[in-house]
Structure formats: C-alpha cells, structure tokens
A.B. asks: 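Starting off with a structure, shown below.
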Amino acid sequence: MNLSRRQTLALGGAAVTVTLLPISFAQAATDDAAAIIAEFTGGAAVGEGDIELTAPEIAENGNTVPMKMAAPGAASIMLVATGNPTPRVMVAHFGASAESRLSTRIRLAGTQDVIAVAKLADGSFIQSSKSVKVTIGGCGG
Amino acid sequence: MAIKPRVKVPKSVAAGEYFTVKTLINHKMESGQRKDKEGNKIPRKIINLFEANFNGENVITVNVEPAVSTNPFFEFQMKIEAAGDLAFKWTDDDGSVYETSKPIAIG
C-alpha cells in the first residue's frame, strides 16, 4: 500500500486522537468530582483529619461494593466515586442522636478513587480517599 | 415485586449508649445508565431519599444517587435517652413512599 506523506500524517493524527480520547474522558470525570466536592464545601479548603473511609482494596463485583465511612462529630458526609459516569454517590446528614458513621453498598464503574468528604460541626471540611480495584464494572451498558 | 423494607432494630437498649440499626429495602435502583436489548436507555428509577426519625426527631437523612447498589442497605449507629418509635422512610423517584417503624424500649 502506497501512502502519500499527507495521508500518513492524517492517519497518525487520527491514531493520536483515538488514544487520547479515553484519557480526556477520565479527566473530565475527575474534574466533575472536584466540582461536586466544591459545590458541597462551597469552595472552602478541605483538610485532612479524623475521617475514615473503609473500602475493599479489590472489589470483584462493581455492582455492590461495601463502603464504611466514619468521621466523629461530622454533621454530614458526602461520598464521591471519581470514576463513575455520575460521580455523586450520596450525602448523609446526621442528627444529634446518630453517631457520624454509615455503612452501605455502592456501584463502581471501574477501578477508581472513592472520596469521602465530611462537614464538621464547626463548618470545616475534611476528606479521605481510597483507591478501589474493580474486576467487573457495575454500571451495566 | 412488592417493595418491602426490612429493618433490624434492638427491642430494648441502654439509655445513652450507641446501638446499631440495619436497613434494607428491595429495589432495583435502575441507574438510568443501562440500555435494553434495542439500545434504548432504561429510565432512571431509584430510591432518592432515605430518612430515619426517632419520636419525630431526625436521626439520619441520606440523599441517594444512582451509584447506590440494588437493594440499598444502610447501617448506622444511634443512641436514645427514652423509649419511642424509630420510623423509617424511603422515597422513590416515582413519588412512592415506603415506610416502616419499630418501637424501642429502654431496658
């Protein structure tokens, strides 16, 4: 097959675009997650602190991944899955009689970081993240 | 399939001490991401809100998104000072509300 210089360049360009696409997709999802967290915190700085996110290191089935979050004294905790098509997972608000911890099961589309952000009683925010390897994704499609 | 919530609450607890409450409701939690055989998107239908109130006072409220698994499960800890009823409420995307409640005694 004989290719002119122009055709070769065009092909190369197309190949680069194709390889870059998934990367820019993933980037967009992470940006989304950052935007969602910013919306929750109202743009306030998020520090480190007494917040615990317990998740399996490897989840065989992304359809139901157990999650445990605990942040003593937190008024609410938000959970974000950075690699999901819709990164929001949940926001839990705790009343005076509840301890600030919650266990649940969530869906993860693939291997990704899960972030828990807690709003403390004094209005400050702390976060913790955990990387979860997912063998089979859980979003169908 | 009838949607039936299941909750596990101790019958009696010590005043001021944390105890565990487990809840599960059978629900498909259709995420809105899946497609049927013809390639049409299956519309989203999830439980979008879970609440627990003790004697009318809010214990926990969870805003739920599609990323929560089928048959949403929540486990939390709470304490009470006096006996009463713990009421649970799940709100569906279609507006249906599923409710159940359990009495808790001090003992």
Side-chain angles (χ1 to χ4, degrees), chain A residues 29 32-33 36 39-40 54-55 59 61-72 74-110 112 114-116 119 132 134 137-141, chain B residues 8 13 15-25 27-37 39-42 44 46-82 84 86-87 104:
Chain A
D32 263 12
I36 288 163
E39 194 187 305
F40 179 63
T54 315
N61 183 353
N63 266 317
T64 159
V65 185
M67 289 282 152
K68 224 182 253 184
M69 35 197 181
S76 47
I77 302 180
M78 181 193 224
L79 192 61
V80 177
T82 53
N84 273 8
T86 53
R88 278 172 217 271
V89 178
M90 62 171 65
V91 184
H93 308 276
F94 301 98
S97 54
E99 204 183 5
S100 303
R101 58 167 66 233
L102 181 68
S103 305
T104 186
R105 297 174 191 144
I106 69 167
R107 293 174 173 142
L108 294 176
Q112 57 178 282
V114 182
I115 305 175
K119 181 183 187 181
V132 182
V134 176
C139 281
Chain B
K8 199 173 174 190
V13 299
E17 270 182 38
Y18 283 111
F19 57 93
T20 302
V21 178
K22 293 181 182 180
T23 74
L24 183 85
I25 187 165
H27 193 281
K28 269 191 96 168
M29 295 293 280
E30 193 57 65
S31 68
Q33 301 280 343
R34 296 200 310 155
K35 287 173 181 159
D36 63 14
K37 279 180 193 140
N40 304 312
K41 272 204 170 172
I42 305 171
R44 177 184 129 155
I46 66 164
I47 298 281
N48 58 41
L49 188 67
F50 167 68
E51 292 162 86
N53 294 295
F54 185 73
N55 287 348
E57 193 194 325
N58 187 249
V59 176
I60 186 169
T61 303
V62 186
N63 297 96
V64 183
E65 303 287 342
V68 173
S69 298
T70 307
N71 303 341
F73 161 83
F74 299 105
E75 179 186 328
F76 57 92
Q77 267 83 35
M78 61 175 290
K79 60 179 178 184
I80 55 173
E81 303 297 337
L86 185 57
I104 307 176

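Chain A is the first sequence line, chain B the second, and so forth, proteins listed ahead of strands; every chain is numbered from 1.
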A.B. asks: Compare every heavy atom of B:V62 with every heavy atom of A:L102, then report the nearest pair and how far apart it is.
C.D. replies: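 Of all heavy-atom pairs spanning A:L102 and B:V62, the closest is CD2-CG2, 4.2 Å.
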
A.B. asks: Look at B:Y18, B:F74, B:F50 and state which one has the largest set of heavy-atom pairs under 4.5 Å with chain A.
C.D. replies: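 So the answer, after comparing B:Y18, B:F74, B:F50, is B:Y18.
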
A.B. asks: Please tell me if the side chains of A:T86 and B:E65 come closer than 4.5 Å, counting only heavy atoms from C-beta onward.
C.D. replies: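 When only atoms from C-beta onward are counted, B:E65 and A:T86 do not touch, as no gap falls below 4.5 Å.
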
A.B. asks: Which bit of B:I42 comes within less than 4.5 Å of chain A, counting heavy atoms only: side chain, backbone, both or neither?
C.D. replies: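 For B:I42, neither part sits under 4.5 Å from chain A.
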
A.B. asks: Just how far is it from atom CZ of B:F76 to atom OG1 of A:T104, taken to the nearest 0.5 Å?
C.D. replies: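 Going from the CZ atom of B:F76 to the OG1 atom of A:T104 covers 11.5 Å.
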
A.B. asks: To the closest 0.5 Å, what do you measure between NZ (B:K79) and CD (A:E99)?
C.D. replies: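 It comes to 8.5 Å.
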
A.B. asks: Considering residues at least two apart in sequence or located in another chain, which fulfil the side chain to side chain donor-acceptor pair (under 3.5 Å) criterion with A:Q112?
C.D. replies: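 Applying side chain to side chain donor-acceptor pair (under 3.5 Å) to A:Q112 gives A:N84.
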
A.B. asks: So which of A:H93, A:R101, A:M90 has the biggest tally of heavy-atom pairs under 4.5 Å with chain B?
C.D. replies: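 Winner by heavy-atom pair count: A:H93.
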
A.B. asks: What are the two closest non-hydrogen atoms of A:R105 and B:V68, and how far apart are they?
C.D. replies: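 Closest approach of A:R105 to B:V68: O-CG1, 3.7 Å.
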
A.B. asks: What's the spacing between A:M78 CE and B:N63 CG if we round to 0.5 Å?
C.D. replies: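 Here the rounded value is 9.0 Å.
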
A.B. asks: Do you know which two heavy atoms are closest between B:A67 and A:R88, and how far apart they sit?
C.D. replies: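 Taking B:A67 first and A:R88 second, the nearest heavy atoms are CB-O, 3.7 Å.
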
A.B. asks: Of the non-hydrogen atoms in B:S69 and A:N63, which two are nearest, and what is the gap between them?
C.D. replies: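 Taking B:S69 first and A:N63 second, the nearest heavy atoms are OG-O, 2.7 Å.
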
A.B. asks: Go through it in stages, so that I can follow the logic: the residues are B:T70 and A:R107, the test is side-chain hydrogen bond (donor to acceptor under 3.5 Å, both in side chains), and I'd like the CA-CA distance, side-chain angles, deciding distance and then a yes or no.
C.D. replies: CA-CA 9 Å; B:T70 307; A:R107 293 174 173 142; 3.0 Å; yes

A.B. asks: Considering only heavy atoms, give the residues of residues 51-60 of chain B separated from chain A by less than 4.5 Å, sorted numerically, with 'none' for an empty result.
C.D. replies: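 The stretch touches chain A at B:E57, B:N58, B:V59, B:I60.
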
